[in-house]
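Structure, as structure tokens:
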Protein chains: 2
Amino acid sequence: MRGAQQRMGISERKKREKIDKKELIRSAAMKMFLEDGYAKTSIRNIADAIEYSPGTIYLYYKDKDELLYEVQRDAYLKMLEDFKTKAKHKDPVKRLLQIGKTYVTFGLKNPELYDLMFIIRAPMNVDENLHKDNGGECFEYLLDCLESCIDKDLLKVTDLQQAALQCWAMAHGLVSLHLRCRLKMIAEEKEIPKVLAAAMEGYIKQLIK
Amino acid sequence: MRGAQQRMGISERKKREKIDKKELIRSAAMKMFLEDGYAKTSIRNIADAIEYSPGTIYLYYKDKDELLYEVQRDAYLKMLEDFKTKAKHKDPVKRLLQIGKTYVTFGLKNPELYDLMFIIRAPMNVDENLHKDNGGECFEYLLDCLESCIDKDLLKVTDLQQAALQCWAMAHGLVSLHLRCRLKMIAEEKEIPKVLAAAMEGYIKQLIK
DNA sequence: AAATATACTGAATGGTGTTCAGTAAATAAT
DNA sequence: ATTATTTACTGAACACCATTCAGTATATTT
């Protein structure tokens, strides 16, 4: 009886240790992805950093993409947290402005993170619903806000889906064009945050009745 | 005298042949970039396709990036051609709508081309002005159109730079989110062209007085 | 005919993701 | 207590990648 309990305790400890290792790998990968970018971070580099062999990583993650998905999951949560703390004004229109500003700022402050969330190519074969499940929560935060605006008849537009798509596309367009250095003809590097924020704010204000 | 002329003729022929080879490499690369994407096309693959050794390519191009820049140049010209043929309505507002539609359609019809023009990462160290010089012409086409609109007081906005930035960001946002499969929660694959065109058109119409 | 210049090769260098036979330690079964 | 089994991990090997460069073969000049 006692032996069995002990064995169960041990096996649980093992399970915990296994999760810890997975977590160790994940956090090392996250750190390196953010510092050097996804492409420049190799499985070998990660293995070196945590002082294990490359093969070990494949005991916990199917491939490099799966590690990316894990980090993306975190990133979406981080963005959602940002929305919840920085875009909670009662007035849905003002909240919409906060969401836009928060999104753009998030992208500018976390370029590598933004990159692996929305820009870099990664086969969506494995987990087709990852972005629906994770990014989905962020998108729904926007949807809820826009729905409130439309319900209260505060906007010129009435098509919720289209409004949401436009807001997201505008914010993503601004951030991603900048992250790919395509706005050099428009503004100096140091002016970019202001210019992008102004463009986003300007767009949303056009929506208001 | 005749000998000298002949030599000059020969050296010119050689020069032509050298340009031809550079062109041969460029067009093979372009074709493969469009079919398989930039990342999946290797220097070895290109060398195989034109039946030369990998080393030969480096006699004509400094590195793979330089080959990318060459193809980007072409791509910008192609887009500008599109604008000139498909967006030439006299009425600047209608022309603006044509530009938006043309841009989005271009991205959807040439996904790999769009990718290497605006989405993939490539060090901008070498030729910082490439996008200013090439993409610049496309952007100026938009700028000219918007300037006409604003001059004739047809838009609600008056800030030319901001309007141009918004238009571009909206179009790029729509196209690039789709190319990275981020719009699955919004619309079915086959509905995407309609949805994106409607969003773009809807946005521009919001701008009109 | 000898010297030089040109065009090209393909093996080598140092990287990448991924696999897998082998090892060593811990646990379970006898 | 001894044997068998499971578990965790290794690191060399595989098939790629971009890039370099000594060597070769052909063409041109001297």
Side-chain angles (χ1 to χ4, degrees), chain A residues 1-25 28-29 32-33 36-70 120-123 125-126, chain B residues 1-25 28-29 32-33 36-70 120-123 125-126:
Chain A
M1 195 64 175
R2 199 174 148 271
Q5 277 184 323
Q6 202 174 43
R7 269 196 299 282
M8 280 179 70
I10 289 169
S11 77
E12 275 162 20
R13 195 205 69 212
K14 285 288 170 84
K15 214 175 185 175
R16 276 203 313 278
E17 280 173 0
K18 190 151 191 177
I19 291 169
D20 284 351
K21 190 146 296 155
K22 200 167 180 179
E23 169 57 23
L24 174 72
I25 296 169
M32 297 174 79
F33 287 169
D36 314 319
Y38 179 72
K40 283 184 184 169
T41 303
S42 72
I43 296 289
R44 279 174 178 78
N45 296 155
I46 299 170
D48 277 356
I50 58 173
E51 297 179 293
Y52 280 92
S53 99
T56 302
I57 290 171
Y58 288 88
L59 297 174
Y60 296 87
Y61 293 94
K62 200 177 119 284
D63 52 26
K64 200 186 169 186
D65 282 329
E66 205 172 279
L67 214 31
L68 171 65
Y69 301 145
E70 197 92 353
I120 64 171
R121 218 166 197 164
N125 322 332
V126 194
Chain B
M1 195 64 175
R2 198 172 149 273
Q5 279 184 322
Q6 200 174 45
R7 268 197 300 281
M8 281 180 70
I10 288 169
S11 78
E12 275 162 19
R13 194 206 68 213
K14 285 286 172 84
K15 213 173 186 178
R16 275 204 312 278
E17 280 172 3
K18 190 148 190 177
I19 291 168
D20 284 352
K21 191 146 297 155
K22 199 166 180 179
E23 169 57 25
L24 174 72
I25 295 168
M32 297 173 79
F33 286 169
D36 314 319
Y38 179 72
K40 283 184 184 170
T41 302
S42 71
I43 296 289
R44 278 176 177 76
N45 296 154
I46 299 170
D48 277 355
I50 59 173
E51 295 180 293
Y52 280 91
S53 100
T56 303
I57 290 170
Y58 287 89
L59 298 174
Y60 296 87
Y61 292 96
K62 197 177 122 286
D63 53 24
K64 201 185 169 187
D65 283 328
E66 204 172 280
L67 215 29
L68 172 65
Y69 301 145
E70 196 93 355
I120 64 171
R121 219 164 194 166
N125 322 333
V126 193

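Here is the naming used below: chain letters follow the sequence lines, and residue numbers restart at 1 for every chain.
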Measure [atom1]/[X] against [atom2]/[N] and give the value in whole Å, please.
X	N	atom1	atom2	answer
B:Ile43	C:dA11	CD1	P	18 Å
B:Ile57	C:dC8	CD1	C1'	12 Å
B:Tyr58	D:dT19	OH	P	4 Å
B:Ile46	D:dT19	CD1	P	10 Å
A:Lys40	C:dG17	NZ	P	14 Å
A:Leu24	D:dC9	CG	C1'	14 Å
B:Asp48	D:dC16	CG	C1'	13 Å
A:Leu67	C:dT18	CG	C1'	14 Å

Choose from [options] the nucleotide whose nearest atom is closest to any side-chain atom of [X].
X	options	result
A:Tyr60	D:dT19, D:dC9, C:dC8	D:dC9
A:Ser53	D:dT10, D:dC17, C:dG17	D:dT10
B:Leu59	D:dC9, C:dG10, C:dC8	C:dC8
A:Lys64	C:dG17, D:dC9, D:dT19	C:dG17
B:Lys21	D:dT10, D:dT19, C:dC8	C:dC8
A:Tyr52	D:dT10, C:dG17, C:dC8	D:dT10

To the nearest 0.5 Å, what is the distance between [atom1] on [X] and [atom2] on [Y]?
X	Y	atom1	atom2	value
B:Leu24	B:Ile50	CG	CD1	5.0 Å
A:Glu70	A:Glu23	CD	CD	8.5 Å
B:Leu67	B:Ile25	CG	CD1	7.5 Å

Has the side chain of A:Arg44 got a donor or acceptor that lies under 3.5 Å from a partner of the other kind on the base of C:dG15?
-> no
Does any N or O in the side chain of A:Tyr52 come within less than 3.5 Å of the main-chain N or O of A:Ile46, such that one atom is a donor and the other an acceptor?
-> no
Presence of B:Asn45 side-chain N/O under 4.0 Å of D:dC16 phosphate oxygens OP1/OP2 | no
Check whether any side-chain heavy atom of B:Ile120 sits under 4.5 Å from a side-chain heavy atom of B:Leu68, and report yes or no.
-> yes
With sugar-phosphate meaning primed atoms plus P, OP1 and OP2, does A:Thr56 contact a base, only sugar-phosphate, or nothing at under 4.0 Å between heavy atoms?
-> base
